[in-house]
**Q** 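Can you read through this structure? Questions will come right after.
These values consider heavy atoms only, across backbone and side chains, with no hydrogens, waters or symmetry-generated copies. In what follows, chains carry the letters A, B, and so on, assigned in the order in which the sequence lines appear, proteins first and then strands, with residues in each chain numbered from 1.
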Amino acid sequence: MNTNSIDKYKAINGVVLRIPVGTVASYGQVAALAGLPGRARLVGKALSSRINEMDIPWYRVLRSDGKIAFAESSIQYQRQVEQLKHDGVVVIKGKVNMRTYQWESVL
DNA sequence: GTATTGACTTCAT
DNA sequence: AATGAAGCCAATA
């Protein structure tokens with residue numbers, strides 16, 4: 001782990017923390033807002049490295065089509081669904097209606 | 001150095 | 001709606 005990635009992870013972390021309750025964002029959206037356009041995959045990596053230390057709302061980050069990024073059988077999938085529902089976000093068959101719930105950030 | 005890996009995205013079936 | 005290929009690009013190995 002080098003200092004470069006630490007800064008990027010911090011930027012990503014900051015954006016995820018700003019996702020309001022009851023809304024969701026896509027990995028690509030978070031990347032763009034963090035000043036890292038085109039690095040959607042890096043967002044997932046950053047979150048996976050942080051998930052053990054801090055409690056950030058990682059579960060508000062979904063794929064661009066609203067689908068949860070984990071297999072249905074995984075424990076993480078089930079936790080994510082539960083947390084989203086707790087936020088008041090409707091999840092149907094592992095996906096969220098982005099037109100309804102996607103975070104419209106104002107920059 | 002090159003190769004592989006992803007909590008991704010988009011386009012085409 | 002579901003599936004797959006191709007594109008993507010930094011982080012790891």
**Q** Find the distance A:E72:CD to C:dA2:P and express it as a whole number of Å.
**A** 10 Å

**Q** How would DNA chain B look in dot-bracket form, 5' to 3', counting Watson-Crick and G-U wobble pairs with both distances under 3.5 Å and writing | for bases paired to another strand?
**A** .|||||.||||||

**Q** Check every atom of C:dA2, B:dA7, C:dT12 against the side chain of A:K95 and return the nucleotide holding the closest atom.
**A** C:dA2

**Q** Without decimals, in angstroms, what is the distance between A:L47 CG and B:dG6 C1'?
**A** 13 Å

**Q** What pairs of residues pass the salt bridge (charged side-chain N to carboxylate O under 4.0 Å, His left out) test when at least one of them lies in residues 88-105 of chain A, not counting sequence neighbours?
**A**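 Checked against salt bridge (charged side-chain N to carboxylate O under 4.0 Å, His left out) - neighbours excluded - no pair reaches residues 88-105 of chain A.
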
**Q** What distance separates A:E82 CD from A:Y77 OH, expressed to the nearest 0.5 Å?
**A** 12.5 Å

**Q** I need the A:Q83 CD to A:Y59 OH distance, nearest 0.5 Å.
**A**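 The CD atom of A:Q83 sits 5.0 Å away from the OH atom of A:Y59.
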
**Q** How long is the line joining NZ of A:K67 and P of C:dT3, in whole Å?
**A** 7 Å

**Q** Each nucleotide in nucleotides 8-13 of chain B should get exactly one letter: B, S or -. Can you fill that in based on protein heavy atoms under 4.0 Å?
**A** BSS---

**Q** Minimum heavy-atom separation for A:A46 and A:I12, please, with both atom names.
**A**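 Between these two residues, the closest heavy atoms are CB-CD1, 3.8 Å.
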
**Q** Assess, by modelled atom type and distance only, whether the side chains of A:E72 and A:Q78 contain a donor and an acceptor separated by less than 3.5 Å.
**A** no

**Q** Is any side-chain nitrogen or oxygen of A:R39 closer than 4.0 Å to OP1 or OP2 of C:dC9?
**A** no

**Q** Side chains of A:R18 and A:W103, heavy atoms from C-beta outward: is any pair under 4.5 Å?
**A**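 Yes; the side chains approach each other to less than 4.5 Å.
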
**Q** So which heavy atom on A:V61 is nearest to which on A:Q80, and how close?
**A** O-NE2, 3.2 Å

**Q** Would you compute the distance between atom CZ of A:R60 and atom OG of A:S26 and round it to the nearest 0.5 angstrom?
**A** 15.5 Å

